[in-house]
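Taking it in order: structure first as structure tokens, then the write-up.
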Amino acid sequence: MTESPLQSPFLIEATARGFVFQCTDLAALDAAMQAGPVTGYIGFDPTADSLHVGSALQIMLLRLMQKHGHRPIALMGGGTAKIGDPSFRDDARSLMTDEMIAHNLRGIEASLRQFITFGDGPSDAVLANNGDWLDKLSYIDLLREVGVHFSVSRMLSFDSVRQRLDREQGLTFLEFNYCILQSFDFRELNRRYGARLQMGGSDQWGNIVSGIDLVRRTDQTQVFGLTAPLLTTSSGAKMGKSAKGAVWLSAGKLPVFEYWQFWRNTEDADVGRFLKLFTDLPVEECDRLAALEGASINEAKKVLATEATALCHGREAAEEAAETARRTFEQGATIAAALPSRDFPATELAEGAPMFRLLVAAGLAGSNGEARRLVRGGGARLNDVVVSDENRVVTEADLVDGALKLSSGKKHHVLLRPGA
RNA sequence: GGAGAGAUGCCCGAGAGGCUAAAGGGGGCGGACUGUAAAUCCGCUGGCGUACGCCUACGUUGGUUCGAAUCCAACUCUCUCCA
């Protein structure tokens, strides 16, 4: 890549913040974006009723477009979701019903609205669903009209395909068609909304390029592709997984406090990168924070956590999470009202309940056995005191301010309240 | 349609009649060290019971055995090569 200086504010900032991995024609895209607003899109699969942080990067990219006056489109894969994701085999329920998809779309839309503004204005975002055109597609028409433009040998050369074949994993025809459908989407969005740019993770490169080719061949229009780096942490782990599983964007699936904690626990080496990608702070400020050394980089992590959380859940909720964390971790953890809490039958407490049972009731252990092991391993605490006897009987006498504070390790705390 | 190979716990992957709830690794959880980080080290990692124990588990269903993840049969699915 040559060092041709970029002109358009969007590309300049996207590059500076580390969003750009590859681009089909950076110079031409830059010129187009200089000339006027460009409509660009990213696809999201409605395989769950919430997106997770893995998608946050793409959302931020859309957000950045909007910031610079371009028009972002969030394309929901309502149509493609119906074939199910073929990479999950042995899964009979991979075929999603219309209701499931509709439900998922609603959940995802809610998250997207936190980050970008939808509407009818020139740079207002558009929410599209490829089910609108894919559902009524005729197979024969598709073959005649689109199929002729695809070269099988070309598709076979794609890394994504090649790897699968090399690993002897096989590839169904269905899966093979993703590329075609995605290309079709691009053309459709170009025709309907004038979309000239498709963005996505670097694993989407092949599909994006195919779409560009299709649009050029059938509509003689030049469109662009831009991919973002595939995110991993510095230690090589995939982004988006945390202790409890996926890091969801919707508060219903992951408490705001946990979301904040996810960012708070970022590895040192990732702080600068993440600040640039997942917050709106100026690049210089990100660099300054990331340059903090030793323990003081914790301050940068708190900023990252609060800023990233504010984007997803609102400023107020983010501050609240920050405050909860401060009290819990920095003030030796008295009972903070904002800790997750659960109800527990008061009658059991009246009779006295063994520690291991309470851990299960609190959701800190998945089974009695797991709870026992947790105690044996020295990781269980009641009201901040380590409990070493798994059968330790807990009664009303142990209540502090009307609740029991149970902990698994240092980071997971739950308030158990006696109730109905 | 034909010929081979395979299906093991969250994932990968050993096991080839009893000592196997099943090696090893990854992941996860807990502990130590720290800075709510990383790296490192240690412990745990199917369910139920305080426990000798019981139950569930090696694709599915039957069978052979005192005894099967391991042998046999059929079936299902996956992969490879040929047509």
Side-chain angles (χ1 to χ4, degrees), chain A residues 86-94 161 163-176 232-247 257-275 289-306 309 321-333 336 339 352-357 359-360 362-382 384 386-393 406-414:
Chain A
S87 60
F88 292 114
R89 46 212 185 124
D90 82 58
D91 194 340
R93 59 180 186 85
S94 70
V161 174
Q163 276 180 21
R164 285 289 294 272
L165 295 178
D166 286 351
R167 273 189 280 156
E168 299 196 341
Q169 281 187 322
L171 193 66
T172 63
F173 182 64
L174 194 71
E175 206 163 356
F176 201 60
T232 55
T233 65
S234 289
S235 46
K238 270 195 192 131
M239 271 285 283
K241 294 287 183 182
S242 82
K244 293 266 156 66
V247 179
F257 177 70
E258 299 288 330
Y259 190 75
W260 191 93
Q261 279 293 309
F262 167 77
W263 293 108
R264 170 64 245 266
N265 286 316
T266 296
E267 294 175 25
D268 288 8
D270 293 325
V271 173
R273 202 156 50 103
F274 287 1
L275 277 167
L289 286 167
L292 295 172
E293 300 215 353
S296 60
I297 199 168
N298 281 327
E299 293 311 311
K301 292 186 188 180
K302 288 178 204 165
V303 173
L304 168 64
T306 302
T309 304
E323 177 59 14
T324 301
R326 194 184 65 77
R327 281 198 297 213
T328 308
F329 292 106
E330 292 175 27
Q331 288 191 338
L339 284 181
M355 183 63 181
F356 73 86
R357 196 174 296 287
L359 287 169
V360 174
L364 292 172
S367 66
N368 292 352
E370 192 181 319
R372 291 197 148 94
R373 277 179 244 128
L374 179 63
V375 176
R376 282 176 209 161
R381 274 171 297 162
L382 170 65
D384 301 314
V386 174
V387 174
S388 52
D389 175 8
E390 61 206 61
N391 295 311
R392 200 280 208 190
V393 175
L406 291 165
S407 310
S408 162
K410 290 169 186 162
K411 294 191 196 172
H412 304 293
H413 312 281
V414 171

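For the numbers below, each heavy atom of this structure counts, side chains included, while hydrogens, waters and symmetry mates do not. The sequence lines fix the lettering, A, B, ..., with proteins before strands; numbering per chain opens at 1. The structure presented is a predicted model; accordingly, all values stated were derived computationally and were not measured.
When distances are taken from the side chain of Lys410(A) to each of A38(B), U34(B), U36(B), the shortest belongs to U34(B). When the nucleotides A37(B), A51(B), U36(B) are ranked by their closest atom to the side chain of Glu267(A), A37(B) comes out on top. The nucleotide whose nearest atom lies closest to any side-chain atom of Ser367(A) is, among U50(B), G47(B), G35(B), G47(B). Out of C29(B), G35(B), U36(B), the shortest distance to the side chain of Ala295(A) is found at G35(B). Out of A37(B), U50(B), U36(B), the shortest distance to the side chain of Gln261(A) is found at U36(B).
Between the P atoms of G15(B) and G27(B), the separation comes to 24 Å (whole Å). If you take atom P in C66(B) and the same atom in U61(B), they sit 23 Å apart, rounded to whole Å. Of the C1' atoms belonging to G47(B) and U40(B), the separation is 34 Å, rounded to the nearest Å. Rounded to a whole angstrom, the distance from the C1' atom of G18(B) to that of G67(B) is 6 Å. When the C1' atom is compared between G46(B) and A37(B), the two are found 33 Å apart, to the nearest whole Å. The same atom, P, is picked in C29(B) and in U80(B); the two are 36 Å apart, to the nearest Å.
The side chain of Ser408(A) places an N or O atom within less than 4.0 Å of a non-bridging phosphate oxygen (OP1 or OP2) of G30(B). OP1 or OP2 of G49(B) lies within a sub-4.0 Å distance of a side-chain N or O belonging to Arg372(A). Taking 4.0 angstrom as the limit, Lys411(A) places a side-chain polar atom (N or O) nearer than this to OP1 or OP2 of A37(B). Between Arg373(A) and G31(B) there is no side-chain polar atom (N or O) within less than 4.0 angstrom of OP1 or OP2.
Contact annotation: the side chain of Glu370(A) never approaches that of Leu364(A) to less than 4.5 Å [non-hydrogen atoms, C-beta and beyond]. With contacts defined as side-chain heavy-atom distances shorter than 4.5 Å, the pair Met355(A)/Leu406(A) qualifies.
What separates CG of Asp268(A) from C1' of U36(B) is a distance of 12 Å, to the nearest Å. Atom CD1 in Ile297(A) sits about 13 Å away from atom P in A38(B), given to the nearest Å.
Base pairing annotation: U20(B) forms no Watson-Crick or G-U wobble pair, as no partner gives both donor-acceptor distances under 3.5 Å. Nucleotide G4(B) is matched to C79(B) when pairs are restricted to Watson-Crick or G-U wobble geometry with both distances under 3.5 angstrom. The nucleotide A68(B) finds no pairing partner, because no Watson-Crick or G-U wobble arrangement with both distances shorter than 3.5 Å includes it. U60(B): Watson-Crick or G-U partner is A74(B), with both key distances under 3.5 Å.
Ser407(A) and Leu359(A) make their closest contact through O-CD2, 4.4 Å (heavy atoms, listed as atom of the first residue, atom of the second, distance). The two residues Ala290(A) and Gly272(A) have their closest heavy-atom pair at CB-CA, 3.4 Å. Considering all non-hydrogen atoms of both residues, Thr324(A) and Phe257(A) come closest at CG2-CE1, 3.7 Å.
Checking Gly378(A) against Asn368(A), the closest nucleotide of RNA chain B that is more toward the 5' end is the one next to Gly378(A). The nearest heavy atom of RNA chain B to Asn265(A) and to Arg357(A) marks one nucleotide each, and the one closer to the 5' end goes with Asn265(A).
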